Every structure is written in structure tokens, then in C-alpha cells.
Amino acid sequence: RELKDKLAGQHQAEMDELRSMLEAETEGKSRDIAGRHNAALEELRAQQASELNKLRSEMQRQAEADADTIGDLEDKLAKASDKTRQLAQELAELRASHDNASSSSSRLQTEITTLRSE
């Protein structure tokens with residue numbers, strides 16, 4: 001019976017030691033896996049931050065280019081409006097000149113007609 005108890009005690013001690021070793025190894029592997037996981041997450045965050053910064057820079061560059069284009073178009077529109085006003089003024093002057101010429105022509109025609117009838 002003593003021998004049986006002694007062997008059982010040794011067996012239990014060996015089992016406890018194996019359990020402790022297994023737990024330590026499992027805990028070490030868990031920490032290692034967690035460390036690699038955290039490192040991978042940090043690398044991914046860094047990549048995402050880099051991509052986000054690139055996108056922000058590209059959006060800023062595009063916004064500046066769009067603003068320049070809009071400014072150029074506004075300038076062209078202002079010039080076209082000025083030209084349109086100028087042409088409208090010239091057209092009004094030509095109409096007035098034409099009206100004057102028509103009136104003069106009518107008067108001359110009337111005078112010619114009067115002179116011929118005399």
C-alpha cells in the first residue's frame with residue numbers, strides 16, 4: 001500500500017510538472033501569437049494611414065486644380081460677356097446708322113420724286 005501511495009504521489013507530481021510545463025509552453029505560444037498579431041495590426045494600421053494620407057494629398061491636389069480650372073473658366077466667361085456687350089453695342093449703332101440711312105434714303109427719294117414732278 002505504501003509503495004502504491006508513493007508511486008501515485010510520484011505520478012501526481014510528474015503530472016503536475018507536465019501540466020505546468022504545458023501551461024507555460026501554451027502561455028508562451030499565446031503571447032508569441034498575440035505579439036505577432038499585434039505587430040501585423042500595427043503594420044496594417046500604418047499602411048492604411050499611409051494610403052489615407054496619399055488620398056488626402058491627391059484630393060487636395062485635385063481640389064486646387066479644379067479651383068484653377070474654375071478660375072480660368074470664370075475669366076473666359078467674363079471676357080465673353082464683355083465681348084457680347086461690345087457686339088450688342090456695335091449692333092445697336094449699326095441699326096441706328098441703318099435707320100438713319102433709311103430715313104435719308106426715303107427723304108432723298110421723296111425729293112427726287114418731287115423734283116421730277118416739277
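Fair warning: this is a prediction, and the values are worked out from it, not measured in the lab. We count residues from 1, following the sequence as given.
In this structure, Asp72 has no side chain to side chain contact (heavy atoms under 4.5 Å, CB included) partners at least two apart in sequence or on a different chain.
Annotation: the span from Leu22 atom CG to Glu17 atom CD amounts to 12.5 Å, rounded to 0.5 Å. The CD atom of Glu74 lies 11.5 Å from the OG atom of Ser81; values are rounded to the nearest 0.5 Å. For the atom pair CD (Gln62) and OG (Ser57), the distance works out to 13.0 Å, reported to the nearest 0.5 Å. Distance check: Asp66 CG to Arg61 CZ gives 9.0 Å after rounding to the nearest 0.5 Å. Put simply, CG on Asp99 and CG on Leu94 are 11.0 Å apart, with the number rounded to the nearest 0.5 Å. How far CE of Met15 is from OG of Ser20: 11.5 Å, rounded to the nearest 0.5 Å.
Checked by atom type, the side-chain pair Asp82/Gln86 shows no donor-acceptor distance below 3.5 Å. In this model, no donor atom of one side chain and acceptor atom of the other lie less than 3.5 Å apart for Thr113 and Arg116.
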Name the atoms and distances for all side-chain donor-acceptor pairs under 3.5 Å in residues 41-56, with sequence neighbours left out.
from	atom 1	to	atom 2	distance (Å)
Glu42	OE2	Arg45	NH1	2.7
Asn53	ND2	Ala49	O	3.3

Check: residues 4-11 side-chain donor-acceptor pairs under 3.5 Å, at least two apart:
none

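Using a 4.0 Å cut-off between charged side-chain N and carboxylate O, Arg36 and Asp32 make a salt bridge.
Partner of Glu23 under the side-chain contact (heavy atoms from CB on, under 4.5 Å) criterion, out of Glu27, Arg19, Met21: Arg19 alone. Under the side-chain contact (heavy atoms from CB on, under 4.5 Å) test applied with Leu73, the options Thr69, Ile70, Leu77 reduce to a single match, Thr69.
When the shell of 6.0 Å around CD of Glu93 is examined, it contains more than 12 heavy atoms from other residues, nucleotides or ligands.
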